[in-house]
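Notes to accompany the following structure.
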Amino acid sequence: MNANDIIFYLLGAFILVNGILAMTNRKIFRAAIFLLFSLIGVAGLYFWMHVEFVAAVQIIVYVGGIVVLIIFSIFLTQQTGQDMPKPNKMRMLFSALAVLFGAGFTYMLIRNHGFIGDGNNQFDVSPQRIGEQMLDTEQSGYALPFEVISILLLAAMIGSIVIALKSKAQEA
Amino acid sequence: MEFSLSAIANQVDTWLHANCASWLALTIEFVIVGLLCIALFAVLGLVLIMMERKVSAYMQLRLGPNRVGPKGMFQTLADTLKLLVKEGLTPNGADKFLFNLAPFIVMIAAMLVLAPIGFAKDFVIWDINIGVLYISAISSIGVIGILMAGWASNNKYSLLGAMRSGAQIVSYELSAGLSILTIVIFTQDMSMGQIVASQADGWWIWKGHIPVIISFIIFLIAVTAETNRAPFDLAEAESELTAGFHTEYSGMKFALFFLAEYVNIFIVCAVGATLFLGGWMPLHIGNWADFNRIMDYIPSSVWFFGKTFFLIFVIMWFRWTFPRLRIDQLLNLEWKYLLPISMFNLLLATFIAIQGWYL
Amino acid sequence: MDVKDNQQHAFPGDVHPTASGGILVSKLDDVINWARSNSLWPLVFGTSCCAIEMMSTASAKYDWSRFGFEVARATPRQADVIIIAGTIVNKMAPVLKRLYDQMADPKYVIAMGACATSGGPFFYNTYSVVKGADHVIPVDVYVAGCPPRPEALLHALITLQAKIKAGDKREKIVIEKFVDSN
Amino acid sequence: MFITKYLSEVFGGLRSLLTGMRRTGYYFTHHKNIITQQYPNEKPVLAERFRGEVVMLHDDNNEHACTGCTACELACPNATIKIVTKFDLTPEGKKKKAIDKFVYHLELCTMCNLCVEACPTGAITMAPNFEHSVLNRNELTKVLNKPGSKIREGVE
């Protein structure tokens, strides 16, 4: 086991411990913070894999965007300082079953296929290359998914505007 | 012999690799870099706070600190010592874990941003190939620290200040990012080293025409807002919110926030100097060979710190000239003025870059 | 207990030099006292007319920033000295006490003007005024005047600096003077 | 039109900001405008009528002009002055009223000058002294007549 492996296992442990803490913590704000650490750990994993662009995007989108959004919604709702109620037994049972099934399927997939490493972990991740591939319409291009995602986001924005308008119309 | 930071760094590196194992040398280098960062932060805290107090004094026809030590030079040292030995309170109703964690999050975020900044020629901690994106990514972690501090204090002023601060930073990050993108379009690279290298024949502020000048102004305004400084210091407006998110902090924990504010100013000004004013590149004018040679003789670190401190001075000039904005004025400025202008500016810059109308 | 007898005993918080290794501690104490005395951040607290004089002390002509006092903090957590600039009425007294309690140690108090030192013009025939802020919180320096000039406030701050540099405790001064006058 | 209004707002705003910055920049570079008086080194120039504290005038023979008539005590709105009298024996053997202690509570005084105006003999006056900071409040209670002082001959 060399230093590289040690770093990987440390990062993995960091992500998992923070994820478990985020799930089990009864204080909702603390849960959000542990989720944040878990996401930062994932970004660290990307850095470890030398895909800096994805790592930075992970931090911008998840840490700078989504977690801030979660924290803001926690702030704006009431009783943020109080402990969450304990979930009931049946729900816990079924969640545990769902988790077990998920873990089992993943394990089956990994066991059947394994990890295929090509021994060459240097990819070309220069931003220029990423940009070209993102707007490429050829075989390996991502123009179509890119556009589909933008349409989804546009629909979400229009939806939110419609929701905002509706309440105003009711007031009038 | 010419003074060069990179030569010293290389000497240390070769000496370490000659005398120890490779992994040990790497570890020692990590420790040295960390210690240098901390030392830089400490020095920056002392120098910038003193500078701010003197600048504010002279702009208000005052003298400023001049009694502690020669010309008042030890004033900030006394402040730091006092804050070190002052009682650090944790309020009873606070979330103690997050309350004590928050200042460190803010500090660590500020420290991480330091990595891709080139302090002198070939003197950079980690010239990552997405430097600019990395900086805007890491600087968004600092917001979490502020939100954490505001919430964990169990104080309504802290919470309001943190929310204001968070909203402000998140919204001004848009126009700061768009103005940084202008430079990325011109250089076609996101690495800070490449951006500096592209300015060897002239800084972007000179050869980038109108779009770069507009984006430079927008960048300055946006980073002033992002660092929560006056005239955008609504997050800690004394008359409304006591001290915003750090209302409940005292002693060393408050000093960390105070330090982080100044370190953040340094960082954004260093980024601005790198992107728009050529980083450590000396000033060259066209064909004046003699002039250029004299400029080359000045060490690159002096150029970098000179430009950075010039931008810091400009931001301090803003602070001691303009009154504080209201929250609606703040949001109007961002969403009605800075964002549309920087979007059109980006289009203009793209057009110019496609046409190749720059040197 | 006799007052003179009392003086022989150590007060709570007093550190007496020991036979061995006392020098280092006292030198460190000197440095800390130097830092504390040169970095007195006042709390933004003004209840009446003396506050106007306090503000003009901060202004360009008098400029208390020369001594490093200009970092006026709005939150008591970060302030070192509370300048009671104005009348303390009975309704304000609990607030003042609370602000003082919220301040982090070490904390100092300056009573500025007649009202804060003794009630001043409201000493007799007034039901609503606290007769001196030292009925509520311990005061380090008293400044007379109604209101004192900005220079008088500066003099008070310099007096407080001298007191901190000397390492004097509030109780020690009171006892010494009491012994002297008897 | 909307766009011209928008642009004129932007440029007007920028111009007004630059005007402000030019003013502060001027002050920053022109240090001769600094108006700070360095108090402990430079004593302030006080007005002639400045009222800092009440003092009793004593001449070279340690004599004052206070008869102990308590006019000042009665005139004081704050009860700042308390005159303690005693009876001296004159050379003729008569008892004569004189002051024992002229107690002056500086911490109560608002420097209103009414006592000085009420004094029929001009024994007290206002001194231009403002450095009244003390560490102990008792020090502000003063006895104005110097120890051993007597009333001047001929003052009634």
Side-chain angles (χ1 to χ4, degrees), chain A residues 2-4 6-7 21 25-37 39-41 43-44 46-47 50-78 80-83 122-132, chain B residues 22-23 26-27 93-98 101-102 105 108-109 112 115-116 126-148 150-154 156 158-160 162-167 169-171 173-174 177 184-185 187-191 194:
Chain A
N2 57 12
N4 220 7
I6 293 173
I7 292 173
L21 280 172
N25 209 298
R26 292 268 84 85
K27 282 188 162 52
I28 188 163
F29 186 79
R30 279 198 186 187
I33 294 298
F34 287 126
L35 176 67
L36 164 95
F37 285 146
L39 291 172
I40 288 177
Y46 287 135
F47 274 118
H50 291 287
V51 279
E52 287 93 356
F53 187 85
V54 183
V57 168
Q58 160 89 10
I59 290 179
I60 286 186
V61 172
Y62 283 99
V63 177
I66 289 177
V67 171
V68 170
L69 197 71
I70 289 173
I71 289 175
F72 262 74
S73 46
I74 289 171
F75 281 0
L76 291 171
T77 49
Q78 287 175 338
T80 49
Q82 278 149 25
D83 286 7
Q122 290 293 319
F123 358 39
D124 182 14
V125 281
S126 74
Q128 249 171 333
R129 183 86 186 78
I130 290 168
E132 276 163 14
Chain B
S22 141
W23 65 272
L26 199 66
T27 317
D95 190 331
K96 292 188 179 57
F97 170 63
L98 294 180
L101 185 69
I105 295 269
I108 289 169
L112 285 176
W126 181 27
D127 193 9
I128 180 171
N129 64 354
I130 46 147
V132 173
L133 191 68
Y134 172 86
I135 285 172
S136 46
I138 299 293
S139 61
S140 63
I141 296 181
V143 188
I144 305 283
I146 288 172
L147 290 171
M148 212 190 268
W151 185 83
S153 298
N154 192 29
K156 52 186 174 253
S158 297
L159 187 61
L160 283 170
M163 287 191 69
R164 274 191 188 184
S165 176
I169 292 174
V170 168
S171 54
E173 214 160 58
L174 289 174
V184 174
I185 284 170
T187 44
Q188 299 172 2
D189 206 307
M190 288 205 278
S191 140
Q194 287 300 315

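Per chain, numbering begins at 1; letters A, B, ... match sequence-line order. Model, not experiment: these values are computed from the prediction.
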Please determine whether the number of non-hydrogen atoms from other residues, nucleotides or ligands lying under 6.0 Å from atom OH of A:Y62 exceeds 12. no
In terms of heavy-atom contacts, does NZ of B:K96 have more than 12 from other residues, nucleotides or ligands at under 6.0 Å? yes
Can you name the nearest heavy-atom pair linking B:A137 to A:I59, along with the distance? O-CG2, 3.4 Å
Show the nearest heavy-atom pair for residues A:R30 and B:F97, with the distance to one decimal. NH2-CB, 3.6 Å
Measuring from atom CG of A:L39 to atom CD1 of B:I141, what distance do you get when rounded to the nearest 0.5 angstrom? 10.5 Å
Straight-line distance of B:D95 CG to A:F29 CZ, nearest 0.5 Å: 8.0 Å
Cut-off 4.5 Å, heavy atoms of chain A, and the answer for B:I144 is side chain
Structural part of B:I105 lying under 4.5 Å from a heavy atom of chain A: side chain
Can you tell if the side chain of A:V63 reaches within under 4.5 Å of the side chain of B:V143, non-hydrogen atoms only? no
Give, as side chain, backbone, both or neither, the part of A:F37 having an atom under 4.5 angstrom from any heavy atom of chain B. side chain
Once you measure the plane-to-plane angle for B:Y134 and A:F47, does it fall in the parallel (<30°), tilted (30-60°) or perpendicular (>60°) bin? perpendicular
